[in-house]
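I have placed the structure first, in the form of structure tokens, so that the comments after it can refer back to it.
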Amino acid sequence: MFDEFCDFLCNKTKKFITVEVNPPHGASIAHILEDIKKYDLHNKVSGFSCTDNPLAKLKMSGVLSAIRVQQAFNKPVIATMSMRDKNKLSLQSTLLGANDFDLRCILALTGDPAKFSDQPEVKGVLERDSTLLLSIIYHLNNGVDYSNKLLNPAPRPIYPFAVSNSYAKDIKQLQKRMVKKLNYGARAIITQPVYDTDNAQELLEIFEEAKNISVRETAKEAQLVLGQFPIVRAKTANFIDDKVPGISVPKEIIDEMNLAAMDGEAKEQDVGFSLSKRIFDEIMQMHGKVHLMTHNRFDLCSELIG
């Protein structure tokens, strides 16, 4: 399953769409699975991803949720693992257990700061940034643990994913971080949301350069997946542009959303969806590798994909 998934990702002529699933603040993901089925989304995408306590807010385990989603739809799932919550012992243990359930795509994140948590006095572990997890996966893929002890049996191949901002004033710094993650073995990098084709083109260009700069052989076939977060509310567009680092929303989009909001919520959502659909279609035509983030708005995902 995962070999085919990654081959599909690397095939320039085929479309590749993954959808982010946010596990619930509760003890069952069943209603989310039913919502995915309701919109037949599992038949429209290449696979899914599951988040890992984003913004340090308590959710069901991302890895266990990913196993449930994968078993429910027989589609590959990229499980997010955050450095904030686990040390290198726990990371390796989780990876080995996930491997036995055939969960083998892992998105390595440093993680949002623990200070954002909704749980009292939470402290982050953070032994290192996400490159530690990439390094651990590199060891496991060579049949040894992080201390170079042989694993018996060795795990099946693990496919590491990483993330990147979609915008920076100093684009070379952005590229430098891409190179670092490729050097640590990332097979694909998923960007923060992209809102115009010029931004998308620039990211694709610096990523191709990063692949050539990287010392790792696996970088030669690494892929960039462009993030998409549909905007259907003006306040969301303004918040993302003003407050979220590493993302830029063009002024034209913000102006159009602000004007639409003056005419009521229905108009605002219609305009927002039209803008989001246009951006999605343009990115798919340009590159064809997209990761959709919609806070479990699977109806919106289904409409965008068509």
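From Q228, atom CD reaches atom OG1 of T191 across 8.0 Å, with rounding to the nearest 0.5 Å. Of the inter-residue distances, the one linking I231 atom CD1 with F239 atom CZ reads 12.0 Å to the nearest 0.5 angstrom. Rounding to the nearest 0.5 Å places CG of L103 at 9.5 Å from CD of Q71. Here the straight-line distance linking atom CD of E202 with atom CD of Q175 works out to 10.0 Å at 0.5 Å rounding. Atom NZ in K180 sits 10.0 Å away from atom CG in L134 (nearest 0.5 Å). Note that SG of C50 is 5.0 Å distant from CD1 of I29, once rounded to the nearest 0.5 Å.
The six-membered or imidazole ring of F229 lies away from that of Y195, with a centre-to-centre distance of 6.0 Å or more.
Under the 3.5 Å distance criterion, the side-chain polar atoms of N199 are left unmatched by any main-chain donor or acceptor of V194. One N or O on the side chain of N142 and one on the backbone of Y138 form a donor-acceptor pair closer than 3.5 Å. Remark: side-chain polar atoms of K181 are not paired, donor with acceptor, to backbone N or O of T131 under 3.5 angstrom. Here the side chain of S302 pairs no donor or acceptor atom with the backbone of L41 at under 3.5 angstrom. Counting only distance, with no hydrogens or angles, the side chain of N87 and the backbone of S90 share a donor-acceptor pair below 3.5 Å. Checking side-chain atoms of S46 against main-chain N and O of I17 turns up a donor-acceptor pair under 3.5 Å. Put simply, the side chain of K88 never gets that close to the backbone of L132: no donor and acceptor are under 3.5 Å apart. Side chain of K289 to backbone of K14: a donor-acceptor contact under 3.5 angstrom is found. In terms of modelled atom types and a separation under 3.5 Å, the side chain of D145 and the main chain of K149 share a donor-acceptor contact. In this structure, R84 contributes its side chain and D112 its backbone to a donor-acceptor pair below 3.5 Å.
Within the 4.5 Å cutoff, the side chain of I106 has heavy atoms near those of the I158 side chain. Side-chain contact between S49 and T18 is absent, with no heavy-atom pair separated by less than 4.5 Å. The side-chain heavy atoms of V215 and L182, taken from C-beta on, include no pair separated by under 4.5 Å. A 4.5 Å side-chain heavy-atom check between Q201 and D198 finds every atom pair outside the cut-off. Contact check for D35 versus I32: no side-chain heavy atoms found under the 4.5 Å cut-off. Residues L174 and L203 meet the side-chain proximity criterion, which asks for heavy atoms closer than 4.5 Å. In this structure, V69 and H42 have side chains that are not in contact, with every pair of non-hydrogen atoms separated by 4.5 Å or more. Taking the side chain as every heavy atom from C-beta outward, T51 and V21 never approach each other to under 4.5 Å.
Of all heavy-atom pairs between I247 and Q192, the closest is CG1-CB, 3.8 Å. In this structure, P230 and S276 approach most closely via the heavy-atom pair CA-OG, 3.5 Å. The nearest pair of heavy atoms linking C6 to C105 is SG-SG, 4.5 Å. Nearest heavy atom pair, residue V77 against residue Q70, reads N-OE1, 3.2 Å.
Applying the ring pair (Phe, Tyr, Trp, His ring centres under 6.0 Å) test between F5 and each of Y159, F16, F48 identifies F16 as the sole match.
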(message) Go through it in stages, so that I can follow the logic: the residues are K44 and D40, the test is salt bridge (Lys or Arg N to Asp or Glu O under 4.0 Å), and I'd like the CA-CA distance, side-chain angles, deciding distance and then a yes or no.
(response) CA-CA 7 Å; K44 298 181 179 184; D40 197 35; 5.9 Å; no

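No more than 12 heavy atoms of other residues, nucleotides or ligands sit less than 6.0 Å from atom CD of E4. The 12-atom threshold is exceeded at CD of E209, counting heavy atoms of other residues, nucleotides or ligands nearer than 6.0 Å. Heavy atoms from other residues, nucleotides or ligands lying under 6.0 Å from NZ of K176 number 12 at most.
If you chain together hydrophobic residues whose side chains sit under 4.5 Å apart, L33 and M60 fall into the same group. Under the 4.5 Å side-chain heavy-atom criterion for ILVMFWY residues, a single connected hydrophobic cluster contains both M284 and L292. F298 and M293 end up in the same hydrophobic cluster when Ile, Leu, Val, Met, Phe, Trp and Tyr side chains are linked at under 4.5 Å.
Taking the charged nitrogens against the carboxylate oxygens, K38 and E34 have no contact shorter than 4.0 Å, which rules out a salt bridge. Ion pair D85/K123 not flagged as a salt bridge, since none of the NZ, NE, NH1 or NH2 atoms sits closer than 4.0 Å to an Asp/Glu carboxylate oxygen. D102 and R104 are joined by a salt bridge, as a carboxylate oxygen and a charged side-chain nitrogen come within less than 4.0 angstrom of each other. With respect to R297 and D299, a salt bridge is recorded, a charged nitrogen being found less than 4.0 Å from a carboxylate O.
Under the 3.5 Å distance criterion, with hydrogens and angles disregarded, no donor-acceptor pair is assigned to the side chains of S82 and D52. Neither side chain, T110 nor D129, offers a donor N or O lying under 3.5 Å from an acceptor on the other.
Sorted by first then second residue, the side chain to side chain donor-acceptor pair (under 3.5 Å) pairs that include residues 229-253, not counting sequence neighbours, are R233-E268, N238-N258, K251-D255.
Taking the side-chain hydrogen bond (donor to acceptor under 3.5 Å, both in side chains) definition, one finds that R68 meets it with nothing, sequence neighbours left out.
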